[in-house]
Chemist: 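Questions regarding the structure given below will be posed in turn.
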Amino acid sequence: MSQKEIDLIQQVDAAKLTPDKHIETKYGLGTIRNLSSGCKTLLNIIKHPDKVVNVEECGPNVLRILFTMDNIKIYMSRPTLFDIPDDAKIRFNDSDIVIGGRGYNAWWSNEYERREADDL
């Protein structure tokens with residue numbers, strides 16, 4: 001693990017990488033499998049920035065980190081309990097670019113109207 005990854009598992013799960021390469025969480029000593037779903041998802045995004053990664057299981061702590069990252073590819077349905085930073089640039093489907101929570105919500109409003117008009 002890189003230092004960045006070690007710092008992230010500490011930030012997200014309060015976990016530590018031991019000298020013998022185990023993961024120590026509040027539940028005890030284990031492996032990377034013992035990290036939260038959100039933490040493992042974040043590590044996958046860092047390791048594979050060219051892949052689209054589903055972030056449906058990520059909590060607000062991980063979503064806050066994701067929306068500060070550049071050039072990542074994620075899949076998510078519309079989150080309801082998360083504030084998107086005002087300066088976050090979000091690209092939908094490799095075409096539409098919006099800025100911040102207002103742009104995000106406006107895009108979704110238009111998307112719902114489009115789906116209704118197309119009987120989807």
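Only this structure's heavy atoms are used, side chains among them; waters, hydrogens and symmetry mates stay out.
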Chemist: Report yes or no: do Ile72 and Val98 belong to one cluster of Ile/Leu/Val/Met/Phe/Trp/Tyr joined by side chain heavy-atom distances under 4.5 Å?
Modeler: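 Yes.
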Chemist: Would you be so kind as to tabulate the donor-acceptor pairs closer than 3.5 Å made by side chains of residues 84-92, with sequence neighbours excluded?
Modeler:
none

Chemist: So, taking the atom named SG in Cys39 and the one named CD1 in Ile23, what distance separates them when rounded to the nearest 0.5 Å?
Modeler: 8.0 Å
Chemist: Under a 3.5 Å threshold, yes or no: a donor from one side chain and an acceptor from the other, between Trp108 and Tyr104?
Modeler: yes
Chemist: Going from CG on Asp83 to CG on Leu63, what distance comes out if it is rounded to the nearest 0.5 angstrom?
Modeler: 11.0 Å
Chemist: To the nearest 0.5 Å, how far apart are CZ in Phe67 and CD1 in Ile74?
Modeler: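 Rounded to the nearest 0.5 Å, the CZ-CD1 separation comes out at 5.0 Å.
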Chemist: Taking a hydrophobic cluster as the set of Ile, Leu, Val, Met, Phe, Trp and Tyr residues connected by side-chain heavy atoms closer than 4.5 Å, whether directly or through intermediates, do Met69 and Leu43 fall within one such cluster?
Modeler: no
Chemist: Each residue besides Leu29 in its hydrophobic cluster should be listed here, by chain and number; the cluster joins Ile, Leu, Val, Met, Phe, Trp and Tyr at side-chain heavy-atom distances under 4.5 Å.
Modeler: none
Chemist: In Å and rounded to the nearest 0.5 Å, what is the CG to CD1 distance from Leu8 to Ile45?
Modeler: 10.5 Å
Chemist: How far apart are the closest heavy atoms of Gly38 and Cys58, and which atoms are they?
Modeler: CA-SG, 3.9 Å
Chemist: Okay, side chain of Asp118, backbone of Arg115: is any donor-acceptor separation there less than 3.5 Å?
Modeler: no
Chemist: If you round to the nearest 0.5 Å, how far is CD1 of Ile46 from OG of Ser2?
Modeler: 7.0 Å
Chemist: Checking Glu57 now: which residues fulfil side-chain hydrogen bond (donor to acceptor under 3.5 Å, both in side chains) with it, not counting sequence neighbours?
Modeler: none
Chemist: Do you reckon Val12 sits in the same ILVMFWY cluster as Leu35, going by side-chain contacts under 4.5 Å, direct or chained?
Modeler: no
Chemist: Applying side chain to side chain contact (heavy atoms under 4.5 Å, CB included), name anything that partners Ile6, two or more places apart in sequence or on another chain.
Modeler: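 Counting only residues at least two positions away or on another chain, Ile6 forms a side chain to side chain contact (heavy atoms under 4.5 Å, CB included) with Met1, Gln3, Leu17.
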Chemist: Judged by atom type as modelled, is there a donor-acceptor pair below 3.5 Å linking the side chain of Asp13 to the main-chain atoms of Ala15?
Modeler: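 No; judged by distance alone, with no hydrogens or angles, the pair does not exist.
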Chemist: With rounding to the nearest 0.5 angstrom, report the CD1 to CH2 distance, Ile99 to Trp107.
Modeler: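 The CH2 atom of Trp107 is 15.0 Å from CD1 of Ile99, to the nearest 0.5 Å.
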Chemist: Enumerate the salt bridge (Lys or Arg N to Asp or Glu O under 4.0 Å) contacts for residues 34-53, please, sequence neighbours excluded, ordered by first and then second residue.
Modeler: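 Checked against salt bridge (Lys or Arg N to Asp or Glu O under 4.0 Å) - neighbours excluded - the pairs reaching residues 34-53 are Glu5-Lys47.
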Chemist: Using a 3.5 Å distance criterion without hydrogens, assess whether the side chain of Arg64 forms a donor-acceptor pair with backbone atoms of Pro60.
Modeler: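 Side chain of Arg64 to backbone of Pro60, a donor-acceptor pair under 3.5 Å: yes, one is there.
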Chemist: Could you name each residue pair satisfying salt bridge (Lys or Arg N to Asp or Glu O under 4.0 Å) that touches residues 17-26, not counting sequence neighbours?
Modeler: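 Qualifying pairs: none.
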